[in-house]
There are 2 protein chains.
Amino acid sequence: MKTPKISEAVVRRLPVYLRYLQELHELNIRTVSSYELGQKLDMNPAQIRKDLAYFGEFGRKGIGYEVIYLVEKIKQILKIDRHLNCALIGAGHLGIALSNYNRFTQEKLSIAAIFDNSPDKIGTPVGTLTIQPLDELEQMVRERDILIGIITVPAVEAQKVADRLVEAGIKGILNFAPTSLRVPAHVSVRNADLTTELQTLAYYID
Amino acid sequence: MKTPKISEAVVRRLPVYLRYLQELHELNIRTVSSYELGQKLDMNPAQIRKDLAYFGEFGRKGIGYEVIYLVEKIKQILKIDRHLNCALIGAGHLGIALSNYNRFTQEKLSIAAIFDNSPDKIGTPVGTLTIQPLDELEQMVRERDILIGIITVPAVEAQKVADRLVEAGIKGILNFAPTSLRVPAHVSVRNADLTTELQTLAYYID
DNA sequence: TAGATTGTTAATCGATTAACAATC
DNA sequence: TAGATTGTTAATCGATTAACAATC
């Protein structure tokens, strides 16, 4: 069950499989073949089988994959079968939108602290949390076992925030700021810059 | 200057180059080499040169790339040197956050209409726009020359919205809903599902 | 059993990187 | 000129796809 060296391309597809398998589960569909998955997700069935086979033998020859079982397995692989606490840094519109995004809590990924440095935001309640000053970042990361930082501050501040998160011992960063972050190799970064996405899309228009 | 067949990987890197070149420009830096770009962006300089060379000869041997010139060229390539109107469908927290995201307007990508079907949202002003009922989608797409749809509705409604956008003649979709959309080949889709990103990140934690 | 579908190997395809002549 | 750096070709590396024996 332990893994050799899985490419990022493979890892990025797992949540896509998971999402669709969960849809199937809600429709009470018990079993699905790589062919059916491929049809729906517009992917090659061989690729789907190969991706899954990196992590174990989850299917049955002649039958396909049991939906519930595969959901559980993928959750284990992604390590989202356990709780994972995130800190949100930047309580602007986007930050607030994310903290209200209930899907996070459903998925055992929860926002455990929100930070901002603007005096008129500090102390404001957001759901069950209260916006805290950035000074308290390191302490909260330790106290609340926070492993992921979600950066929604302006681009100019993003690197500073990233440095502090790294220093505080965080393991991953989801970066919404439109800038490239430099972090040590043991920290993972995923960029979710909306402008970048739209610009990529623009290329394909006409 | 016209292009053979550029892979998506190349296109996705162009906005990253652009973003950093714009930072350099603000710092009044005139010229940059592929080596320097590679250092900062953590990429192979040969890859950067090759990516750019697909579209033309933008550099000077022995010197490097002129920052302003390259910024303009990449904007042309991505087709963000001209205005591009987007429609936002779903005026929830995320939708509102996006419509307030001023970077869009800076970049000639503007949100030209906002739709939602909830009666208590219709008519509400958002910046210079007013939330409109989904019924008016097709008409607005035509009237305002909208080429891109940004979907921020719940997952269950996303495919329906996508179908209507396609039907209305849209060319690209930025999909924030956590579901895989099926669209015809002439329509591009980029997925920006935040849960998917966090799940991918979770894999790399520890 | 016959049909279906996996897991996996081998073949193909494509993307990244190294190397270097051209040249500013 | 000498040093630097591009654009591009060739070499390498990795990812996708096809094919098929194994087996439910």
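The structure displayed is predicted, hence computed values, not measured ones.
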Subject >> Which nucleotide in C:dT16, C:dT6, D:dT16 has an atom nearest any side-chain atom of B:A9 >> reply: C:dT16
Original post:
Would you say B:R49 reaches D:dA4's phosphate, i.e. side-chain N/O to OP1/OP2 under 4.0 Å?
Top reply: no
**OP:** Using whole Å, report how far OH of A:Y35 lies from P of D:dA19.
**Re:** 16 Å
Subject >> Partner of A:L94 by side chain to side chain contact (heavy atoms under 4.5 Å, CB included), out of A:T152, A:V153, A:I150 >> reply: A:T152
Original post:
Does B:Y204 reach the side chain of A:E8, with side-chain heavy atoms less than 4.5 Å apart?
Top reply: yes
**OP:** Among the candidates C:dT6, C:dT8, D:dT17, find the nucleotide nearest to the side-chain atoms of A:N44.
**Re:** D:dT17
Subject >> Candidate nucleotides C:dT8, D:dT5, C:dT16, ranked by approach to the side chain of B:K61 - the nearest >> reply: D:dT5
Original post:
Would you say the side-chain atoms of A:T200 and B:R190 include a donor-acceptor pair closer than 3.5 Å?
Top reply: no
Original post:
Between B:Q47 (CD) and D:dT12 (P), how many Å, whole number?
Top reply: 19 Å
**OP:** Write down the distance between CZ (B:R60) and P (D:dA4), rounded to a whole number of angstrom.
**Re:** 17 Å
Original post:
If only side-chain N and O atoms of A:Y65 are considered, is one of them under 4.0 Å from the OP1 or OP2 phosphate oxygen of D:dC24?
Top reply: no
Subject >> Candidates A:Q47, A:K50, A:R49 - the one meeting side chain to side chain contact (heavy atoms under 4.5 Å, CB included) with A:S34 >> reply: A:R49
Subject >> Base paired to D:dT23 (Watson-Crick or G-U; both N/O distances under 3.5 angstrom) >> reply: C:dA4
Original post:
Taking CZ from A:F55 and C1' from C:dT8, how many angstroms apart are they, rounded to a whole number?
Top reply: 16 Å
Original post:
According to the Watson-Crick and G-U wobble definitions, with both distances under 3.5 Å, which nucleotide is paired to D:dT17?
Top reply: C:dA10
Original post:
Within the pair B:Y54 and C:dT16, is there a side-chain N or O less than 4.0 Å away from OP1 or OP2?
Top reply: no
Subject >> Nucleotide nearest B:K50 (side chain, heavy atoms from C-beta), chosen from C:dT8, D:dG7, C:dT17 >> reply: C:dT17
Subject >> First encountered from the 5' end of DNA chain C, between A:E36 and B:I63 >> reply: A:E36
Original post:
Quick one: on DNA chain D, does A:A46 or A:E8 contact a more 5' nucleotide (nearest heavy atom)?
Top reply: A:E8
Subject >> A:S34 side chain near C:dT6 phosphate (N/O to OP1/OP2, under 4.0 Å) >> reply: yes
**OP:** Round to a whole Å and report the spacing from CD of B:Q39 to C1' of D:dT5.
**Re:** 15 Å
**OP:** Starting at atom CZ of B:R30, determine the distance to atom C1' of C:dC24, rounded to an integer number of angstrom.
**Re:** 19 Å
Subject >> B:S7 side chain, from C-beta outward: closest of D:dT16, D:dT8, C:dA15 >> reply: C:dA15
Original post:
Separation of A:M43 atom CE from D:dA15 atom C1', in whole Å?
Top reply: 14 Å
**OP:** For a side chain to side chain contact (heavy atoms under 4.5 Å, CB included) with A:I151, tell me which candidate from A:T179, A:L88, A:L181 qualifies.
**Re:** A:L181
Original post:
Could you give the NZ-to-P distance, from B:K5 to C:dC13, as a whole number of Å?
Top reply: 11 Å
Original post:
Counting N and O atoms only, with roles assigned by atom type, does the side chain of B:R144 sit under 3.5 Å from a partner on the main chain of B:A112, one being a donor and the other an acceptor?
Top reply: yes
